[in-house]
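Report on one structure; see the data block that follows.
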Amino acid sequence: MTSVRTTSTRYDHQAIEAKWRERWEKDGIYRVDDDDSRPNWYELHMYPYPSGDLHIGHWYAMSGADLHARFKRMSGFNVLHPMGFDAFGLNAENAAIQRGIHPFKWTMSNIENMRLQLRSMGPMYDWDREIITCTPDYYKWNQWFFLQFYKKGLAYRGFAPVNWCPSCKTVLANEQVIDGMCERSDTPVEQRDMNQWFFKITDYAEELLDQSKIDWPERINTMQTNWVGRSEGVEVEFDISEYGLEQKTLRTFTTRIDTVFGVTFVVLAPEHPLVPELTIKEQKAEVADYIHQASLETEIERLSTEKEKTGVFTGAYCINRLNGERVPILTADYVLHTYGTGVVMGVPAHDARDFIFAKKYGLPIRVVVAPPDWDGGDLEDAYLAEGTQVNSGEFDGLSSSEGLQKIADHIEAQGWGERKVNYRMRDWLVSRQRYWGTPIPIIYCPECGEVPVPDDELPVVLPEDAEFLPTGESPLALHEGFVNVPCPDCGRPSKRETDTMDTFVDSSWYFLRYASAGFQDGPFDPEAIKKWNPVDQYTGGVEHAVMHLLYARFFTKALRDLGLIDFDEPFVRLFNQGTIIYQHQKMSKSRGNVIAPDDYVNEVGADVVRSYLMFLGPWEAGGDWSDSGINGVARWANRVWEVANRDSSELDHSPVNENSVRDVQRALHKTIKKVSDDMDSFKFNTAIASLMELTNTLTQAWERSDLTSDAWNEAVSNLVAMMAPITPYLSEELWEATGHESSVHTQSWPEWDESLAADETITLVVQVNGRLRDRIEVPVGIEEDTAKETALSSPKIQPHIQGKDVSKVIYVPGRLVNIVAG
RNA sequence: GCCGAAGUGGCGGAAUGGUAGACGCGGCGGUCUCAAACACCGUUGGGCAUAACGCCCGUGGGAGUUCGACUCUCCCCUUCGGCACCA
């Protein structure tokens with residue numbers, strides 16, 4: 001804590017929290033029954049990595065999720081709101097290497113601590129359903145799914161480049177590479193080619209683009225769409241038969257087949273296997289040198305748009321079949337081997353990159369799509385927009401959009417190529433050269449090759465007695481007892497796969513396990529799945545937009561196709577909470593601006609911390625923590641405490657003002673309506689503001705002492721009930737203190753009565769030429785003519801319209817009159 | 001460079017075509033106190049002011065639509081996120 005805080009609670013929050021934690025546990029009020037007369041509602045928040053400490057960001061995210069889940073429960077649903085731990089991962093392994101603690105021990109003691117911290121938050125988790133992914137009874141099913149995928153051709157082994165951190169001596173996932181640097185050590189990441197296991201997510205590229213069955217934030221949908229990166233085009237062949245190679249043509253992919261008559265060169269990626277074969281003797285040395293240089297570059301350097309384009313001539317040519325032209329073949333590293341066919345047709349007149357490249361190497365630039373006002377001269381820049389086909393043989397004169405279709409038709413008719421859809425998304429690389437993950441259940445037999453571990457031998461358990469050395473090699477590879485195994489098919493001495501799975505595999509199906517957490521006969525009980533899944537409301541950070549959220553969708557679709565589940569999407573609705581910052585910066589230990597929630601919980605209690613986090617701004621926007629800001633919420637909690645503890649019978653000794661009673665009743669019903677709407681739509685900050693207003697109304701009414709005790713009690717009870725999702729401990733205590741039995745958390749959400757919420761009078765706003773000039777209290781049902789008349793005759797209005805023509809009087813029922821005078 | 005979100009008092013924010021600044025923080029004045037802190041009450045966008053129940057200005061900047069714009073349209077600026085040679 002960096003500044004002095006002075007507001008403390010007027011109640012013993014520590015005693016109250018302890019009391020109700022114990023009581024709730026004893027009464028089992030958060031135990032969820034699969035079968036209940038109420039409709040089921042599955043509200044899930046992304047499970048945390050057990051780093052060992054529940055930081056303020058967790059509190060922010062999980063308080064909001066819990067608030068919403070509690071609101072749903074009070075609103076008549078049987079709510080499942082479970083919690084677990086994403087327990088595999090590199091941190092645990094690094095702790096083992098650096099401090100000699102076994103990852104399992106490190107992880108489990110972290111979980112124990114975090115579980116305590118989570119409990120202090122007062123959430124409605126049913127801990128009987130807790131999931132810990134590093135336990136064999138969980139990761140067994142990762143292996144089982146892997147083998148199901150393998151048998152279906154959805155898991156395969158291939159050779160691929162990966163991100164390698166030379167400092168950490170390990171591969172990194174893409175998301176752990178930030179601007180070309182390892183996020184952990186800030187070391188530039190290198191490319192390495194390794195044998196890897198993949199999941200064939202690209203099989204589902206098209207379906208992943210279909211977002212019609214999910215109600216997710218637009219920006220997440222956009223990010224996923226961009227990630228999948230669909231593009232329609234044509235694969236067209238260029239003739240290289242003159243070289244007598246096995247391969248007679250070069251296939252290129254283009255989205256702009258309308259520009260094919262403008263091809264003045266063809267470029268191969270340096271890694272393309274045909275480059276050495278096509279290169280003529282005189283160019284061999286230069287090309288070999290170029291390929292070598294390209295191989296030394298990091299992916300980041302290579303993909304930098306700033307970098308100057310380079311390339312070399314192979315000395316070979318190919319024939320553009322559309323016009324019979326012979327064009328040079330080059331190799332250049334701006335062409336990616338991994339996208340499309342790894343070969344690009346160079347159309348400098350109509351592609352920015354090709355234009356720069358052609359200028360640099362003196363290659364011809366031929367316009368084939370004429371800009372509207374083209375004078376036939378040279379272009380200053382590549383022309384990318386639509387135009388008219390020129391220099392395009394029989395297609396001259398067509399618009400380029402027509403040309404695109406006609407040329408594609410022509411190519412298909414001639415058999416020179418065909419329309420093709422390409423995706424930017426690659427298959428999901430799931431191998432990791434790490435210990436602390438799920439062992440991949442494959443055995444390599446010298447005779448039989450890749451052999452899946454038989455189902456009845458699952459799980460392949462991580463050996464506990466591994467040596468953790470910072471060699472960069474998985475401890476599993478060094479563990480003789482683990483590696484050496486007889487082939488399940490032929491019994492010959494064989495070796496186990498020693499890579500483990502990406503931890504995103506764990507999180508790709510964990511939401512299916514909560515429904516039947518301890519289930520032994522499969523990854524989940526199909527009956528339980530039917531009752532709970534898919535998840536009705538998912539919440540979590542936006543950082544998982546294209547990793548976890550995409551993988552989980554893929555898994556769901558794959559499991560559906562395996563006949564294991566019968567729905568298409570894992571999470572029907574998604575809401576992303578924002579990030580909480582401090583002093584206008586991201587919190588970080590190195591910056592020393594970290595807010596430790598436990599300190600504040602000790603000081604002002606969990607309820608106040610929860611309320612403050614939910615109050616400081618819209619949940620999706622995140623917000624800036626302020627020590628003085630939390631005081632305001634603590635004061636509110638104190639005021640509510642005071643209000644709820646008043647002896648309402650005192651009111652029976654003073655005269656009652658019926659208007660005052662009605663005013664409080666109206667305020668109550670308006671508040672119920674507002675808070676119901678706001679909580680349902682995650683607008684927690686304005687919900688709390690409304691509850692504060694109601695509290696203020698009650699405080700003032702008490703000062704006037706003109707209410708009936710019934711009116712007072714009704715308002716107080718409803719205030720306490722509405723606060724229950726936000727301040728579970730305080731509300732429960734006050735619920736009991738105001739003479740109620742059983743838990744406030746099992747109560748029904750208050751209902752509002754539209755007629756009781758209705759105003760009897762309105763403030764009629766009177767404007768002259770759109771400027772506010774008067775406000776007049778009028779009856780709510782005022783007639784249009786009366787309203788206009790009232791407005792025009794107002795003494796404050798008169799001076800503004802005196803001597804002017806009133807050309808128009810606009811009336812907005814129940815709101816305002818605007819007099820147009822000139 | 002491209003795509004997206006946002007820009008409102010001293011601060012966090014509210015209001016999505018109709019009273020700008022709800023609610024809260026902070027400030028100021030007061031009560032309590034020996035005093036301070038806490039708490040509570042009042043007040044608080046800026047300016048003018050004949051001091052009124054008044055007027056003017058004000059939601060990043062500029063234009064526009066409208067009786068009326070924080071809100072809709074166009075252009076520009078700034079900030080934050082995401083993507084970035086994908087042919």
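Keep in mind that this is a model prediction, so the values were computed, not measured. Reminder, nothing fancy here: chain letters follow the sequence lines and each chain counts from 1. Keep in mind that the numbers below use all heavy atoms, side chains included, and drop hydrogens, waters and symmetry copies.
- Closest to the A:His800 side chain, of the nucleotides B:rC56, B:rC55, B:rG68, is B:rC55.
- One C1' atom belongs to B:rG7, the other to B:rU43, and the distance between them is 29 Å to the nearest Å.
- The phosphate of B:rA14 (OP1 or OP2) has a side-chain N or O of A:Asn685 nearer than 4.0 angstrom.
- The side chain of A:Ala689 lies closest to B:rA22, out of B:rG68, B:rA22, B:rA87.
- B:rG4 and B:rU66: their C1' atoms are spaced 29 Å apart (whole Å).
- OP1 or OP2 of B:rG24 lies within a sub-4.0 Å distance of a side-chain N or O belonging to A:Asn696.
- At a threshold of 4.0 angstrom between heavy atoms, the contacts of A:Arg773 are confined to the sugar-phosphate backbone, with no base atom among them.
- Nearest to the side-chain atoms of A:Arg219 among the listed nucleotides B:rG81, B:rA87, B:rC53 stands B:rG81.
- Using C1' as the reference atom, B:rA20 and B:rU8 are 8 Å apart when rounded to the nearest Å.
- B:rC72 and B:rA15 are spaced 14 Å apart, taking the P atom of each and rounding to whole Å.
- Glycosidic torsion of B:rG9 falls within 90° of 0, placing the base in syn.
- Here B:rG18 is the nucleotide among B:rG26, B:rG54, B:rG18 with the atom lying nearest to any side-chain atom of A:Leu816.
- When the nucleotides B:rC85, B:rC23, B:rA15 are ranked by their closest atom to the side chain of A:Lys674, B:rA15 comes out on top.
- B:rG10 is paired with B:rC25 under the criterion used here, namely a Watson-Crick or G-U wobble arrangement in which both key atom distances are under 3.5 Å.
- When heavy atoms are screened at a 4.0 angstrom cut-off, A:Asp354 is found touching no nucleic acid atom at all.
- A cation-pi arrangement, defined by a distance under 6.0 Å to the six-membered ring centre and an angle within 45 degrees of its axis, is absent between A:Arg553 and A:Trp227.
- Going from the C1' atom of B:rG18 to that of B:rC40 covers 38 Å, rounded to whole Å.
- Closest to the A:Lys808 side chain, of the nucleotides B:rC67, B:rA15, B:rC40, is B:rC67.
- Nearer the 5' end of RNA chain B, as judged by each residue's closest nucleotide, is the contact made by A:Asn226, out of A:Pro618 and A:Asn226.
- A gap of 41 Å separates the C1' atoms of B:rC34 and B:rA22, to the nearest Å.
- Between B:rA69 and A:Arg771, no contact under 4.0 Å exists linking OP1 or OP2 to a side-chain N or O.
- Distance from the side chain of A:Arg635 is smallest for B:rC40 among the nucleotides B:rC40, B:rC85, B:rA20.
- Of the two residues contacting RNA chain B, namely A:Gly629 and A:Gly770, the nearest-nucleotide position lying further toward the 5' end is that of A:Gly629.
- Residue A:Leu616 is classed as a sugar-phosphate contact, given heavy-atom separations below 4.0 Å to backbone atoms only.
- Distances from the side chain of A:Thr686 to the nucleotides B:rA14, B:rA87, B:rA39 place B:rA14 closest.
- Counting heavy-atom neighbours within 6.0 Å of A:Glu380 CD, excluding the residue itself, gives a total of 12 or less.
- Across all strands shown, nothing is found opposite B:rC34 as a Watson-Crick or G-U wobble partner with both distances under 3.5 Å.
- Nucleotides B:rG42 and B:rU59, compared at atom C1', are 28 Å apart to the nearest Å.
- Of the candidate nucleotides B:rG26, B:rC40, B:rG13, B:rC40 has the atom lying nearest to any side-chain atom of A:Arg10.
- For A:Ser231 and B:rA87, the shortest distance from a side-chain N or O to OP1 or OP2 is below 4.0 Å.
- With respect to A:Glu693 and A:Lys670, no salt bridge is recorded, no charged nitrogen being found less than 4.0 Å from a carboxylate O.
- Contact annotation for A:Gln767: base contact, defined as any heavy-atom pair under 4.0 Å involving a base atom.
- A side-chain donor-acceptor contact under 3.5 Å links A:Asp427 and A:Thr202.
- Checked by atom type, the side-chain pair A:Trp752/A:Ser676 shows no donor-acceptor distance below 3.5 Å.
- B:rC57 sits 39 Å from B:rC2 when the C1' atoms are compared, rounded to a whole Å.
- Listed nucleotides: B:rG18, B:rC85, B:rA14. Nearest to the side chain of A:Arg815: B:rG18.
- Base pairing annotation: B:rA15 forms no Watson-Crick or G-U wobble pair, as no partner gives both donor-acceptor distances under 3.5 Å.
- Taking both residues in full, the closest heavy atoms of A:Arg424 and A:Asn226 are given as NH2-O, 3.1 Å, listed atom of the first, atom of the second, then distance.
- Using a cut-off of 4.0 Å between Lys/Arg side-chain N and Asp/Glu carboxylate O, A:Asp663 and A:Arg666 are scored as salt-bridged.
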